[in-house]
Amino acid sequence: KIQGRNRYLLFQQNLLSLSQARLRIENSLRRAINEQKGFYLEYQPKINIQTEQICGVEALVRWQDKELGSLSPADFIPIAEHTGLIVPLGYWIFEQALIDLKTLQLKGIDLHSMSINLSARQFEEPSLLDHLLALLHRTGVKAEKIDLELTESAVMRSPQEAIQTLSRFQQERMTVSIDDFGIAYSSLSYLKSLPASRLKIDQSFIRELEDGNDDYAITASIIEMGHNLGLKVLAEGVETQAQCALLKKIGCDEIQGFYYSRPLPLEKLIEFIQQHNDG
Ligand code: C2E
Ligand code: CA
Ligand code: CA
Ligand code: CA
């Protein structure tokens with residue numbers, strides 16, 4: 001009994017320190033966003049599996065806080081979403097990605113597209129599209145260079161609204177990718193009318209991908225369905241040559257993952273692209 005009680009106390013203390021940790025992150029996040037300090041972007045190349053050419057990059061935010069040190073998105077993005085801080089942070093991310101895209105263009109690197117993640121909270125902001133268009137205008141980046149990644153689960157929160165909003169992005173010539181696809185129990189009837197260009201198969205299906213196993217069956221089915229709906233299909237989290245070969249065999253269009261490259265800071269991305277194009 002005493003042990004049970006101790007365990008309960010420990011549990012309560014853990015909860016308390018957990019919520020204290022959250023609060024600390026929230027406060028630092030608020031300060032960092034106000035000061036616009038400590039954030040930077042890394043870029044992970046996306047590779048066309050047939051041609052092995054780089055077909056775009058995905059921007060991923062990083063945070064190096066002066067007090068908390070470096071935090072992974074898994075630690076602060078959910079808090080940013082919960083508090084709404086993702087909205088101002090998201091605009092910073094978008095603007096920085098456009099500035100970096102410009103820098104690449106000035107170096108003679110003309111990427112086909114730059115993918116930017118949008119969380120559900122950002123996506124539901126009524127002024128999102130106007131804000132993005134204003135940033136595009138200000139930086140002189142063409143809308144067709146921008147690909148917006150929205151998770152399948154964010155879409156499924158209110159599919160009707162999502163379809164309307166996504167078609168507005170498409171009217172402005174941005175493309176849309178459905179992120180983390182396969183884990184959110186989409187209704188297939190919505191998928192049919194979704195204004196998107198690409199499905200990104202969630203990395204949980206790729207991790208243990210082997211010829212003939214369940215993940216293989218699911219992955220192959222997603223690829224076939226995606227193609228029948230006129231979508232490109234990308235596999236996330238590709239780490240090995242074997243996964244890459246299997247995905248090529250079953251007709252996957254694009255891959256992303258440590259096998260080709262980890263997310264890279266801009267200078268390293270430039271080196272990677274220049275080497276890749278040479279060799
Ligand atoms: P995501 O959009 O699904 O991004 C893919 C995550 O997988 C990234 O983690 C990336 O570093 C990681 N990854 C890429 N290739 C591999 C691989 O081969 N193996 C493994 N094990 N992992 C791989 P990261 O950067 O920690 O981001 C985690 C999540 O945080 C993202 O998942 C996304 O949901 C969110 N996030 C990151 N940056 C942003 C952003 O700028 N805005 C928003 N709204 N969310 C972001
Ligand atoms: Ca993503
Ligand atoms: Ca993903
Ligand atoms: Ca994810």
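Only heavy atoms go into these numbers, but all of them, side chains included; no hydrogens, no water, no symmetry mates. Residue numbers run from 1 in the order of the sequence given. Counting convention: from 1, in listed order, for ligands and their atoms alike.
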Open item on the list: At less than 3.0 Å, would any N/O/S atom of Asp180, backbone or side chain, sit next to the Ca ion (ligand 2)?
Closed with: no

- [ ] Salt-bridge test for Lys249 and Asp211: reply yes if a basic N is under 4.0 Å from a carboxylate O, no otherwise.
- [x] yes

Task: the Ca ion (ligand 2) reached by Thr151 (N, O or S, under 3.0 Å) - done: no

- [ ] For Gln203 and ligand 1, answer yes if some heavy atom of the residue is under 4.0 Å from a ligand atom, otherwise no.
- [x] yes

- [ ] Out of Ala120, Ala235, Pro73, indicate the one that has the non-hydrogen atom closest to atom 29 (C) of ligand 1.
- [x] Pro73

- [ ] Using a strict cut-off of 4.0 Å, indicate which atoms of ligand 1 neighbour a heavy atom of Gly257.
- [x] 15 (N), 18 (O)

Open item on the list: Would Gly237 count as a contact residue for ligand 1, given that I'm defining contact as a non-hydrogen atom of the residue lying under 4.0 Å from a ligand atom?
Closed with: yes

Task: Subset of ligand 1 atoms that lie under 4.0 Å from at least one heavy atom of Asp180 - done: 3 (O)

Open item on the list: Would Gln122 count as a contact residue for ligand 1, given that I'm defining contact as a non-hydrogen atom of the residue lying under 4.0 Å from a ligand atom?
Closed with: yes

Open item on the list: Less than 3.5 Å apart, any donor N or O on the side chain of Lys232 or Ser197 sitting next to an acceptor on the other?
Closed with: no

Task: In one Ile/Leu/Val/Met/Phe/Trp/Tyr side-chain cluster, 4.5 Å: Leu148, Ile99 - done: no

Open item on the list: With heavy-atom distances below 4.0 Å as the criterion, list the atoms of ligand 1 near Glu239.
Closed with: 17 (C), 18 (O), 19 (N), 20 (C), 21 (N)

Task: Exercise: identify the closest heavy-atom pair between Ile93 and Leu41 - done: O-CD1, 3.6 Å

Open item on the list: Looking at every non-hydrogen atom in both residues, tell me the closest pair between Val141 and Leu98 and how far apart they are.
Closed with: CG2-O, 3.8 Å

Task: From the candidates Ile93, Leu41, Leu60, Leu89, the one that places a heavy atom nearest atom 10 (C) of ligand 1 - done: Leu60

Task: Rounded distance (nearest 0.5 Å) linking atom CG of Leu209 with atom CG of Asp214 - done: 11.0 Å

TODO: Looking only at N, O or S atoms, find the one in Glu58 nearest to the Ca ion (ligand 2) and name it.
DONE: OE2

Task: salt bridge (charged side-chain N to carboxylate O under 4.0 Å, His left out) between Arg31 and Asp65, worked out - done: CA-CA 10 Å; Arg31 175 180 41 71; Asp65 187 61; 3.5 Å; yes

Open item on the list: Side chains of Glu58 and Asn117 only: does a donor on one sit below 3.5 Å from an acceptor on the other?
Closed with: yes

Open item on the list: Give the atom numbers and elements of ligand 1 that come within less than 4.0 Å of a heavy atom of Ser119.
Closed with: 44 (N)

Task: Metal check, the Ca ion (ligand 2) vs Glu236 N/O/S, cut-off below 3.0 Å - done: no

Task: Residue-ligand contact Glu236/ligand 1, heavy atom below 4.0 Å - done: yes

Task: Distance-minimising heavy-atom pair for Thr83 and Ala80 - done: OG1-O, 3.3 Å

Task: Aromatic ring pairing Trp63/Phe76, orientation class (parallel under 30°, perpendicular over 60°, tilted between) - done: perpendicular

TODO: Take every heavy atom of Arg207, measure it against each atom of ligand 1, and state whether any distance is under 4.0 Å.
DONE: no

Open item on the list: Within the supplied structure, the quantity of interest is the number of heavy atoms (other residues, nucleotides, ligands) at a distance under 6.0 Å from Arg173 CZ; does it exceed 12?
Closed with: no

Task: Hphob cluster co-occupancy, Ile270 + Leu60, side-chain heavy atoms under 4.5 angstrom - done: no

- [ ] Answer with side chain, backbone, both or neither: which part of Asp179 has a heavy atom less than 4.0 angstrom from an atom of ligand 1?
- [x] side chain

- [ ] Give the name of the N/O/S atom in Glu149 that lies closest to the Ca ion (ligand 2).
- [x] OE1

Task: Contact partition for Gln243 relative to ligand 1, non-hydrogen atoms under 4.0 Å - done: neither

Open item on the list: Tell me which N, O or S atom from Asp179 is the closest to the Ca ion (ligand 3).
Closed with: OD1

TODO: Output the list of atoms in ligand 1 that are nearer than 4.0 Å to some heavy atom of Pro263, sorted by atom number.
DONE: 11 (O)

Task: Residue Gln44 vicinity, atoms of ligand 1 by number, heavy atom under 4.0 Å - done: 14 (C), 15 (N)

Open item on the list: Heavy-atom pairs closer than 4.0 Å: do any link ligand 1 to the side chain of Glu58, the backbone, both, or neither?
Closed with: side chain

Task: Note: Asp180-Lys200 ion pair, threshold 4.0 Å (strictly below) - done: no

